Novice: 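My questions will all concern the structure given below.
Bear in mind the structure is a predicted one, so any value in this text is a computation, not a measurement.
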Amino acid sequence: MQKTLIINAGSSSLKWQLFEMPAETVLASGLVERISMPGSIFTIKYGDHQKFETTVDNLDQGQAAKMMLTELQRLAIIQSLSEITAVAHRVVAGGETFKHAVEVTPTVLAEIKGLSNFAPLHNPMEAKGIETMAQTLPDVKQYAVFDSQFFTDLPEMNAIYSLPYELTQKYHIRRYGEHGISHSYLTGRAAELLNKPKNDLNLVTLHLGSGASLAAVKNGKAYDTSMGFTPLTGVTMGTRSGDLDPSILPFLMKELKISDPNEIMMMLNNDSGLLGVSGISPDMREIKAQEQTNARAKLAIDIFVNRIAKYAGSYLTELHGADAIIFAGGIGEHNAELRQQIITELQVFNIKLDTGLNAAGNEGLISRPDSAIKVLLVPTDEELAMVRQVAALQE
C-alpha cells in the first residue's frame, strides 16, 4: 500500500497525518505545539488509541519534521521510510501563480519562496519544510497544496482594494485570503451535515486558531474573507495584529526611530495580537486561565470576540442571511465559552446556541431549533482535503 504524508505547518504549530492510500486510512497523526517556544509539545497518535508525547524546549520546524520521521519508525508505524511515496505540504500563499495543487520542482520551490511577502510567517517555513523533507526523502515526490486557492475567484468587488486601479493591476494587489483548504473543507462538510447541495449553501465559516480567519460563502463558493493581501489583516490573532490604520506604520517608524519597514512588519506579525495585548502568551488557553485576575488578559479576549463578531455580522449582512455559521480551528472547536460569547454578540440576528450541545463539543448542530441561523461545530480536516487533491494529481 502507498502511504502519503501530509504536512500542515502553521505559524506556531506543525500538524501531520500519514495516510494509507487509496483507502484514505489514517495510520498516524501528530501535532507539535508551541513551535520555537519553551515547552514545545510533540505528540503522535496511532494504532488502537495509542499515544506518544514528549516535551522538547524550542523545537523548530526542521527538528520537528526529522523527529516525526524517526518516531514513525521507532514506534513501528512504518518499517522503512521507503513506504512513504508522496509528501504534500500546505503552503499558505500561492498568489495568482498557483490556483491548484502542484508537484514541487525547483522552479515551484523558488516561486513559493518568491511569494513570501504575501505570508512572511508561513511561506519561508513551508519552503524550508519542503527542503527538509526532500533531503530526508530524496526519492519521494513532494507536492504543494495552496491555502489561497479557494479564494482565487472572489468577486472583484471584494477582492481588490480602493487603490488607483492601475497599481492594483500592475502589482497584482488583491485580497488573496488564507485558510482556504479549511474553509473549502468546511463548506463541503456543511453540505453533508445539512443535507443540502453545496451550490445552494450560504455560510459564514470561522477558522479560529493561532491564525484566524472568516469567510463568507455564497452558493458554495468563496464570496469574501477576512485575510487580505497577506495573512496579517482581518481579526485579531495569536501574534498578528489583524486590521489597523496603515498610518500607524509610518507613525511608529518615526516615534521608534526605525528606518527599516520590515522591523515594523515583524512586530505586527510576531509581537502583536493576543500576545501583544495580553502580555502573556499567544495561546488562548493561557490567556483564559488569567481572565479573572488579569485585566489585559480579559481585554485580549474581549477584542478577539469583538473582531470576530464584527466580521461575522458584516458577512451575514453581505449574504442577506445564511444557512449556517460554522466554528472550526483549535479555538473554534475546543472552546465552548468563546463560541457562546461570539454568538451572544450576534444576538441581533436571532441566533441561539443549545447550551448542552455547545458544551458537548461534538461535530454537528449546536444551535437550538428556534435559531434563525443554524450553528455547526465542524472539526476541520485540512489533511483529508489535501490528500484528496494529491491523489487527483497522481491519477
Novice: Is there a side-chain contact between L274 and M284 (heavy atoms, below 4.5 Å)?
Specialist: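 Touching, per the 4.5 Å side-chain cut-off.
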
Novice: One pair to check against side-chain contact (heavy atoms from CB on, under 4.5 Å): D224 and L319. What are the steps and the verdict?
Specialist: CA-CA 10 Å; D224 207 347; L319 293 170; over 6 Å; no

Novice: Kindly work out whether a path of hydrophobic side-chain contacts (I/L/V/M/F/W/Y, heavy atoms less than 4.5 Å apart) joins I35 to I280.
Specialist: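 No, separate clusters.
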
Novice: Give the cluster check for I44 versus V56: same hydrophobic cluster or not, with ILVMFWY residues linked at side-chain heavy-atom distances below 4.5 Å.
Specialist: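 Yes, same cluster.
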
Novice: Between V277 and R296, which heavy-atom pair has the shortest distance, and what is it?
Specialist: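 Of all heavy-atom pairs spanning V277 and R296, the closest is O-NE, 2.8 Å.
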
Novice: When clusters are formed by joining ILVMFWY residues with side-chain heavy atoms under 4.5 Å apart, either directly or through shared neighbours, do L194 and Y185 land in the same one?
Specialist: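 The answer is yes; both residues are in one hydrophobic cluster.
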
Novice: Is it the case that more than 12 heavy atoms not belonging to Q2 sit under 6.0 Å from its CD atom?
Specialist: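 No, because the 6.0 Å sphere around CD of Q2 holds 12 heavy atoms or fewer from other groups.
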
Novice: Could you tell me whether K45 atom NZ has more than 12 heavy atoms of other residues or ligands within 6.0 Å of it?
Specialist: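 No, not enclosed.
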
Novice: Looking only at the side chains, is there a donor atom on one of T344 and Q340 sitting less than 3.5 Å from an acceptor on the other?
Specialist: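 Yes - a donor-acceptor pair under 3.5 Å links their side chains.
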
Novice: Test your reading of the model: is there a side-chain donor-acceptor pair from T152 to the backbone of Q149, 3.5 Å cut-off?
Specialist: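 The answer is yes, because a donor-acceptor pair under 3.5 Å joins these two groups.
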
Novice: State which residues pass salt bridge (charged side-chain N to carboxylate O under 4.0 Å, His left out) with K3; sequence neighbours excluded, sorted by chain then number.
Specialist: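 E20, E83.
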
Novice: Does one side chain, of E53 or T43, offer a donor that lies under 3.5 Å from an acceptor on the other?
Specialist: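 Note: E53 and T43 side chains meet the donor-acceptor criterion.
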
Novice: Can you find a heavy atom in the side chain of T97 that is under 4.5 Å from one in the side chain of I112?
Specialist: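 When only atoms from C-beta onward are counted, I112 and T97 do not touch, as no gap falls below 4.5 Å.
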
Novice: Please determine whether residues I287 and F304 belong to a single hydrophobic cluster, defined as Ile, Leu, Val, Met, Phe, Trp and Tyr linked transitively by side-chain heavy-atom distances below 4.5 Å.
Specialist: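 Yes.
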
Novice: Step by step, work out the side-chain contact (heavy atoms from CB on, under 4.5 Å) result for S241 and L232.
Specialist: CA-CA 7 Å; S241 65; L232 180 59; 3.8 Å; yes

Novice: For F42, does its backbone N or O pair with a side-chain atom of T54 as donor and acceptor, under 3.5 Å?
Specialist: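 No; judged by distance alone, with no hydrogens or angles, the pair does not exist.
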
Novice: Taking L186 as the starting point, is it possible to reach I351 by hopping between hydrophobic residues whose side chains are less than 4.5 Å apart?
Specialist: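 Cluster IDs for I351 and L186 differ.
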
Novice: Can H179 and T380 be counted as having a side-chain donor-acceptor contact under 3.5 angstrom?
Specialist: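 No donor-acceptor contact under 3.5 Å links the two side chains.
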
Novice: Using the side-chain contact (heavy atoms from CB on, under 4.5 Å) rule, take V108 and E103 through it: C-alpha gap first, then chi angles, then the decisive distance, then the call.
Specialist: CA-CA 8 Å; V108 167; E103 182 181 340; over 6 Å; no

Novice: Let me confirm one number: the OG1-CD distance from T4 to Q394, rounded to the nearest 0.5 Å.
Specialist: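 That separation rounds to 5.0 Å.
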
Novice: For residues L206 and I325, report the shortest heavy-atom separation together with the two atoms involved.
Specialist: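 Scanning both residues, the minimum pair turns out to be CD1-CG2, 3.6 Å.
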
Novice: Quick one: pull up CD1 in I264 and OG in S259 and give me the separation to the nearest 0.5 Å.
Specialist: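 If we round to the nearest 0.5 Å, I264:CD1 and S259:OG are 10.5 Å apart.
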
Novice: Are the side chains of F19 and E383 in contact, using a 4.5 Å heavy-atom criterion?
Specialist: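 Answer yes - side chains close enough.
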
Novice: Does any non-hydrogen side-chain atom of V305 lie less than 4.5 Å from one of L338?
Specialist: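 Yes; the side chains approach each other to less than 4.5 Å.
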
Novice: Using 0.5 Å steps for rounding, measure from the OG1 atom of T205 to the CZ atom of R189.
Specialist: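 Rounded to the nearest 0.5 Å, the OG1-CZ separation comes out at 15.5 Å.
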
Novice: Closer than 3.5 angstrom, by distance alone: can the side chain of S367 be matched with the main-chain N or O of V375 as a donor-acceptor pair?
Specialist: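 Between the backbone of V375 and the side chain of S367 there is a qualifying donor-acceptor contact (under 3.5 Å).
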
Novice: Looking at K141, I'd like to know if its NZ atom is crowded, meaning that more than 12 non-hydrogen atoms belonging to other residues, nucleotides or ligands lie closer than 6.0 Å.
Specialist: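 No, because the 6.0 Å sphere around NZ of K141 holds 12 heavy atoms or fewer from other groups.
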
Novice: Can you give me the closest heavy-atom contact between F150 and T187, atom names plus distance?
Specialist: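 Of all heavy-atom pairs spanning F150 and T187, the closest is CZ-OG1, 4.0 Å.
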
Novice: Show the nearest heavy-atom pair for residues P155 and Y223, with the distance to one decimal.
Specialist: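 Answer, listing the atom of P155 first, then Y223: CD-O, 3.4 Å.
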
Novice: Can you tell me how far CG of L208 sits from NE2 of H334, rounded to the nearest 0.5 angstrom?
Specialist: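 If I round to the nearest 0.5 Å, the distance is 11.5 Å.
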
Novice: Do H183 and I326 come within less than 4.5 Å of each other through their side chains, counting heavy atoms only?
Specialist: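 No, side chains not in contact.
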
Novice: Counting neighbours of CZ on F251 that are heavy atoms of other residues, nucleotides or ligands and sit closer than 6.0 Å, is the number greater than 12?
Specialist: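 12 or below, so no.
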
Novice: Do any N or O atoms from the side chain of N269 and from the backbone of M265 form a donor-acceptor pair under 3.5 angstrom?
Specialist: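 Looks like yes, one N/O pair under 3.5 Å.
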
Novice: Can you give me the closest heavy-atom contact between A93 and A119, atom names plus distance?
Specialist: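 Minimum heavy-atom contact is CB-CB, 3.8 Å.
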
Novice: What pair of heavy atoms forms the shortest contact from N202 to N219, and how long is it?
Specialist: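 Where N202 meets N219 most closely, the heavy atoms are OD1-N, 2.9 Å.
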
Novice: With side-chain contact (heavy atoms from CB on, under 4.5 Å) as the test, would you mind laying out the steps for E263 and L256 before giving the verdict?
Specialist: CA-CA 11 Å; E263 287 189 43; L256 299 175; over 6 Å; no

Novice: Do M227 and R240 have side-chain heavy atoms sitting under 4.5 Å apart?
Specialist: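 In contact.
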
Novice: Is the shortest heavy-atom distance from the side chain of N123 to the side chain of K113 under 4.5 Å?
Specialist: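 No, every pair of side-chain atoms sits at 4.5 Å or beyond.
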
Novice: Where the side chain of D147 meets the backbone of V91, is there a donor-acceptor pair that is under 3.5 Å apart?
Specialist: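 Pair absent, no side-chain N/O of D147 close to backbone of V91.
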
Novice: Under a 4.0 Å threshold between the charged nitrogen and the carboxylate oxygen, would K128 count as salt-bridged to E131?
Specialist: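 No, E131 and K128 are not salt-bridged.
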
Novice: Say you draw a straight line from CG of L249 to CG of L268; how long is it, rounded to the nearest 0.5 Å?
Specialist: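 The CG atom of L249 sits 5.5 Å away from the CG atom of L268.
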
Novice: Can you tell whether the side chains of R388 and E24 come within less than 4.0 Å, N to carboxylate O?
Specialist: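 A salt bridge links R388 with E24.
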
Novice: Would a 4.5 Å heavy-atom cut-off, applied to side chains only, mark N335 and K288 as touching?
Specialist: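 When only atoms from C-beta onward are counted, K288 and N335 do touch, with a gap below 4.5 Å.
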
Novice: Spell out, as yes or no, whether a donor-acceptor pair under 3.5 Å connects the side chain of S40 to the backbone of R34.
Specialist: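 Here the side-chain-to-backbone pair exists.
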
Novice: What is the ring orientation for Y176 with F229, classed by angle as parallel under 30°, tilted 30 to 60°, or perpendicular over 60°?
Specialist: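 Y176 vs F229 ring planes: tilted.
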
Novice: Using a 3.5 Å distance criterion without hydrogens, assess whether the side chain of T317 forms a donor-acceptor pair with backbone atoms of G313.
Specialist: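 Yes, the answer is positive, given that a donor and an acceptor are paired below the 3.5 Å cut-off.
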
Novice: Donor-acceptor check, side chain of T225 to backbone of A215, threshold 3.5 angstrom: yes or no?
Specialist: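 It does not hold such a pair.
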
Novice: Using a 3.5 Å distance criterion without hydrogens, assess whether the side chain of R90 forms a donor-acceptor pair with backbone atoms of F146.
Specialist: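 No; zero donor-acceptor contacts below 3.5 Å.
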
Novice: Do side-chain atoms of Y46 reach the backbone of F52 as a donor and acceptor pair under 3.5 angstrom?
Specialist: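 No, because the side chain of Y46 does not come within donor-acceptor range (under 3.5 Å) of the backbone of F52.
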
Novice: Roughly how far, to the nearest 0.5 Å, is the CG atom of L69 from the CH2 atom of W16?
Specialist: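 Atom-to-atom, W16:CH2 and L69:CG are 8.5 Å apart.
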
